[in-house]
Amino acid sequence: MKMLKFFIAFLISYSFINIAQAETTYKSFTTAKAELQTMDWNGGKVTMGTLKGVVITSNSSDPALNGESIQICFLRVVRIKDSSDVTAHCTLTDKDGDISNLIAERKQGDASSGSGGKGKITLLGGTGKWQGKTGSCEYAAKYLKDNWQTTDASCVMK
């Protein structure tokens, strides 16, 4: 009986160690150019378009994830009075051709120069090294002159 209890305790401890080791953290920095169209809608504005740029992933607990990726996003911004709803559906393609899919969402700012805000990215997995990898990031976006944008993110992935 003592041996059985020891074995069960060992399995539980080993499971927690494996769970902790399965978590990957990293930072990313994005520079992108937006091509947007805006229309008046329902007393506010709706903006839609694309963001295309480069993402640099660094400080990863899995060094294979560090490096540059090409980002393409479809962006939608709904701004009515002081309320914002910003959503971007993105794919990132790294140097190996592996693709990561994500959704970035925030309730602050819009896509105009001088705007931006903090939000959350949901990591949806992808192909190659990104297959089955899900998680989330906290991010801050800044919209600059001439439709340029930067984003800093801190991510946790399983």
Side-chain angles (χ1 to χ4, degrees), residues 19-158:
I19 289 170
Q21 289 175 342
E23 191 171 271
T24 302
T25 59
Y26 63 90
K27 304 274 188 199
S28 71
F29 178 78
T30 304
T31 301
K33 177 85 169 177
E35 293 181 22
L36 305 171
Q37 298 290 320
T38 300
M39 70 176 208
D40 293 330
W41 180 78
N42 196 26
K45 295 193 179 296
V46 174
T47 302
M48 297 182 79
T50 58
L51 286 172
K52 296 178 182 177
V54 176
V55 178
I56 299 171
T57 301
S58 63
N59 300 322
S60 176
S61 54
D62 178 356
L65 302 181
N66 289 330
E68 298 80 23
S69 298
I70 301 299
Q71 171 187 277
I72 299 174
C73 301
F74 284 108
L75 176 71
R76 179 186 57 90
V77 180
V78 178
R79 179 117 175 146
I80 300 176
K81 296 181 184 175
D82 291 333
S83 174
S84 289
D85 183 9
V86 182
T87 305
H89 291 78
C90 305
T91 60
L92 283 67
T93 306
D94 66 21
K95 65 183 177 345
D96 300 320
D98 296 338
I99 295 172
S100 173
N101 300 297
L102 61 90
I103 298 173
E105 300 172 291
R106 62 185 163 88
K107 302 290 185 191
Q108 299 177 339
D110 54 31
S112 61
S113 179
S115 186
K118 294 182 179 181
K120 181 180 177 182
I121 296 170
T122 302
L123 304 168
L124 303 171
T127 65
K129 69 179 76 63
W130 303 102
Q131 187 172 4
K133 302 287 187 176
T134 60
S136 64
C137 310
E138 298 297 322
Y139 78 94
K142 247 190 236 182
Y143 283 84
L144 311 170
K145 290 181 181 180
D146 300 322
N147 290 327
W148 283 97
Q149 177 250 17
T150 63
T151 303
D152 281 304
S154 296
C155 304
V156 177
M157 186 171 58
K158 293 185 179 199

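Atoms considered below: every heavy atom in the structure, side chains included; atoms not considered: hydrogens, waters and symmetry mates.
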Response to the item:
Sorted by chain and number, sequence neighbours left out, side chain to side chain donor-acceptor pair (under 3.5 Å) with K118 holds for none
Discussion item. Going by the rule side chain to side chain donor-acceptor pair (under 3.5 Å), which residues pair with S84 if we only count those two or more places apart in sequence or in a different chain?
Written reply: R79
Quick one, [X] and [Y] - any side-chain contact, counting heavy atoms below 4.5 Å?
X    : Y    : result
V54  : T30  : no
I103 : I121 : no
L65  : T24  : yes
L51  : E35  : no
T93  : D98  : no
Y143 : S113 : no
T31  : W148 : yes
N42  : I80  : yes

Practice prompt. Take F29 and T151 through the test side chain to side chain contact (heavy atoms under 4.5 Å, CB included) and record every step on the way to the result.
Written response: CA-CA 6 Å; F29 178 78; T151 303; over 6 Å; no
Which distance, rounded to the nearest 0.5 Å, do you find between the [atom1] of [X] and the [atom2] of [Y]?
X    : Y    : atom1 : atom2 : result
Q71  : C90  : CD    : SG    : 4.5 Å
E68  : T57  : CD    : OG1   : 8.5 Å
Y26  : N66  : OH    : CG    : 10.5 Å
S115 : L144 : OG    : CG    : 11.0 Å

Item to complete: Looking only at non-hydrogen atoms, find the nearest pair between S61 and P63 and report the distance.
Response: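 Looking at all heavy atoms of both residues, the shortest contact is O-CD, 3.6 Å.
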Fill in: Least distance between heavy atoms, A111 atom then L75 atom
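Distance-wise, the nearest heavy atoms are CB-CD2, 4.2 Å.
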Between the side chain of [X] and the main-chain N/O of [Y], is any donor-acceptor distance below 3.5 Å?
X    : Y   : result
S69  : L92 : no
D94  : D96 : yes
D62  : A64 : yes
T127 : I99 : yes

Item to complete: Please lay out, stage by stage, how L123 and K133 fare under the test side chain to side chain contact (heavy atoms under 4.5 Å, CB included).
Response: CA-CA 7 Å; L123 304 168; K133 302 287 187 176; over 6 Å; no
Donor on one side chain, acceptor on other, [X] and [Y], under 3.5 Å:
X   : Y   : result
S58 : K27 : no
T38 : T47 : yes
T25 : E23 : no

Discussion item. Let's go through R76 and M48 carefully: what are the C-alpha distance in whole Å and the side-chain angles of both, what is the deciding distance for side chain to side chain contact (heavy atoms under 4.5 Å, CB included) to 0.1 Å, and is it a yes or a no?
Written reply: CA-CA 5 Å; R76 179 186 57 90; M48 297 182 79; 4.1 Å; yes
Item to complete: Begin with the C-alpha distance, continue with both residues' side-chain angles, and end with the deciding distance and a verdict on side-chain hydrogen bond (donor to acceptor under 3.5 Å, both in side chains) for W130 and N101.
Response: CA-CA 9 Å; W130 303 102; N101 300 297; over 6 Å; no
Worksheet item: For S136, which of K120, K158, M157 qualifies under side-chain contact (heavy atoms from CB on, under 4.5 Å)?
Response: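 Exactly one option meets the side-chain contact (heavy atoms from CB on, under 4.5 Å) with S136, and it is K120.
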For [X], I'd like to know if atom [atom1] has over 12 heavy atoms of other residues, nucleotides or ligands within 6.0 Å.
X    : atom1 : result
F74  : CZ    : no
K129 : NZ    : yes
K33  : NZ    : yes

